[in-house]
Novice: 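A single structure is presented below for examination.
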Amino acid sequence: QVLLVESGGGLVQAGGSLRLSCVASGGAFSTLAVGWFRQAPGKEREFVAAIGYNGGTTAYADSVKGRFTISRDNAETTVLLKMMSLKPGDTAVYYCAARATSYSGPSAAAANYYYWGRGTQVTVSS
């Protein structure tokens, strides 16, 4: 069982930056791919970024490419999402998720993730 806890959300002006953290406990976190997803009010949950178990492979949604960076520190069982040049359209609850199968690659499909955190709110004002 893997427990994921997100932090780092908040209110920021457009153009600003935030860094989200996802800290894991339990399970073999260092063998699991991790993704970030977000859900805005009235919208479907959408993929943001994902990273392979050793950090060697990353994937990004087109909407965040060049602005967001995902990274991980397996020694600290942490995955970070650095968000720059934030836009009002980035406003959402951001969720961290981990795949259940060791050594599987990052995926943009929410259905491929088994463990989920409770989310952290990001609000970008115009």
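This one's a predicted model, so the numbers in the text were calculated from it and none came from an experiment.
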Novice: Decide whether Y115 and V23 are clustered together by the hydrophobic rule: side chain heavy atoms of Ile, Leu, Val, Met, Phe, Trp, Tyr closer than 4.5 Å, transitively.
Specialist: no
Novice: Could you list the residues that satisfy ring pair (Phe, Tyr, Trp, His ring centres under 6.0 Å) with F68, not counting sequence neighbours?
Specialist: none
Novice: Could you check if a side-chain atom of T57 sits within less than 4.5 angstrom of a side-chain atom of I51, using non-hydrogen atoms only?
Specialist: no
Novice: Restricting to non-hydrogen atoms, name the atom on S21 and the atom on L80 that form the minimum distance, rounded to 0.1 Å.
Specialist: OG-CD2, 3.3 Å
Novice: Kindly determine whether V93 and T120 satisfy side-chain contact (heavy atoms from CB on, under 4.5 Å), including the steps that lead there.
Specialist: CA-CA 5 Å; V93 177; T120 184; over 6 Å; no
Novice: Let me confirm one number: the CZ-OG1 distance from R19 to T69, rounded to the nearest 0.5 Å.
Specialist: 12.0 Å
Novice: Kindly confirm or rule out a cation-pi arrangement of R45 over Y95, judged by NZ or CZ under 6.0 Å from the six-membered ring centre and within 45° of its axis?
Specialist: yes
Novice: Quick one: ring pair (Phe, Tyr, Trp, His ring centres under 6.0 Å) pairs with a partner in residues 9-39, sequence neighbours left out?
Specialist: F37-F47, F37-Y113, F37-W116
Novice: Please check if V2 and Y53 belong to a single hydrophobic cluster, counting links between Ile, Leu, Val, Met, Phe, Trp and Tyr side chain heavy atoms closer than 4.5 Å.
Specialist: no
Novice: Just do the side-chain contact (heavy atoms from CB on, under 4.5 Å) check on R38 and D90 with the steps written out, would you?
Specialist: CA-CA 9 Å; R38 67 187 183 186; D90 295 318; 2.9 Å; yes
Novice: Looking at V48 and L81, what are the two nearest heavy atoms and their distance?
Specialist: CG1-CD2, 4.1 Å
Novice: Testing the basics here: between S126 and A14, what is the closest heavy-atom pair and its distance to 0.1 Å?
Specialist: CA-CB, 4.3 Å
Novice: Looking only at side chains, do N74 and S30 share a donor and an acceptor under 3.5 Å apart?
Specialist: no
Novice: How far does CZ of R72 sit from OG1 of T58, to the nearest 0.5 angstrom?
Specialist: 12.0 Å
Novice: Any chance you could lay out the side-chain contact (heavy atoms from CB on, under 4.5 Å) test for L18 and V122, step after step, and finish with the verdict?
Specialist: CA-CA 9 Å; L18 282 174; V122 171; 3.8 Å; yes
Novice: Can a donor-acceptor pair be found, under 3.5 Å and without considering hydrogens, that links the side chain of T78 to the backbone of E76?
Specialist: yes
Novice: Could you state the interatomic distance from OH (Y94) to CD (Q39), rounded to the nearest 0.5 Å?
Specialist: 12.0 Å
Novice: Test of understanding: with side chain to side chain contact (heavy atoms under 4.5 Å, CB included), list the residues that count as partners of K65, not counting sequence neighbours.
Specialist: Y60, D62
Novice: To the nearest 0.5 Å, what is the distance between OG (S17) and NZ (K82)?
Specialist: 7.0 Å
Novice: Using every non-hydrogen atom in the two residues, find where A50 and P106 come nearest and quote the distance to one decimal.
Specialist: CB-CB, 3.5 Å
Novice: Do you know which two heavy atoms are closest between K87 and V124, and how far apart they sit?
Specialist: O-CB, 3.2 Å
Novice: For the hydrophobic clusters of this structure (ILVMFWY residues joined by side-chain heavy atoms under 4.5 Å, transitively), does one cluster hold both L4 and Y114?
Specialist: yes
Novice: Please answer whether the main-chain N or O of R118 pairs with a side-chain N or O of E6 as donor and acceptor at a distance below 3.5 Å.
Specialist: yes
Novice: Is T77 reaching over with its side chain to a backbone N or O of A24, donor-acceptor style, under 3.5 angstrom?
Specialist: yes
Novice: If every non-hydrogen atom of N112 is compared with every non-hydrogen atom of R99, which pair is closest and at what distance?
Specialist: O-NE, 3.3 Å
Novice: Hey, are the side chains of V12 and T123 touching, using non-hydrogen atoms and a 4.5 Å cut-off?
Specialist: no
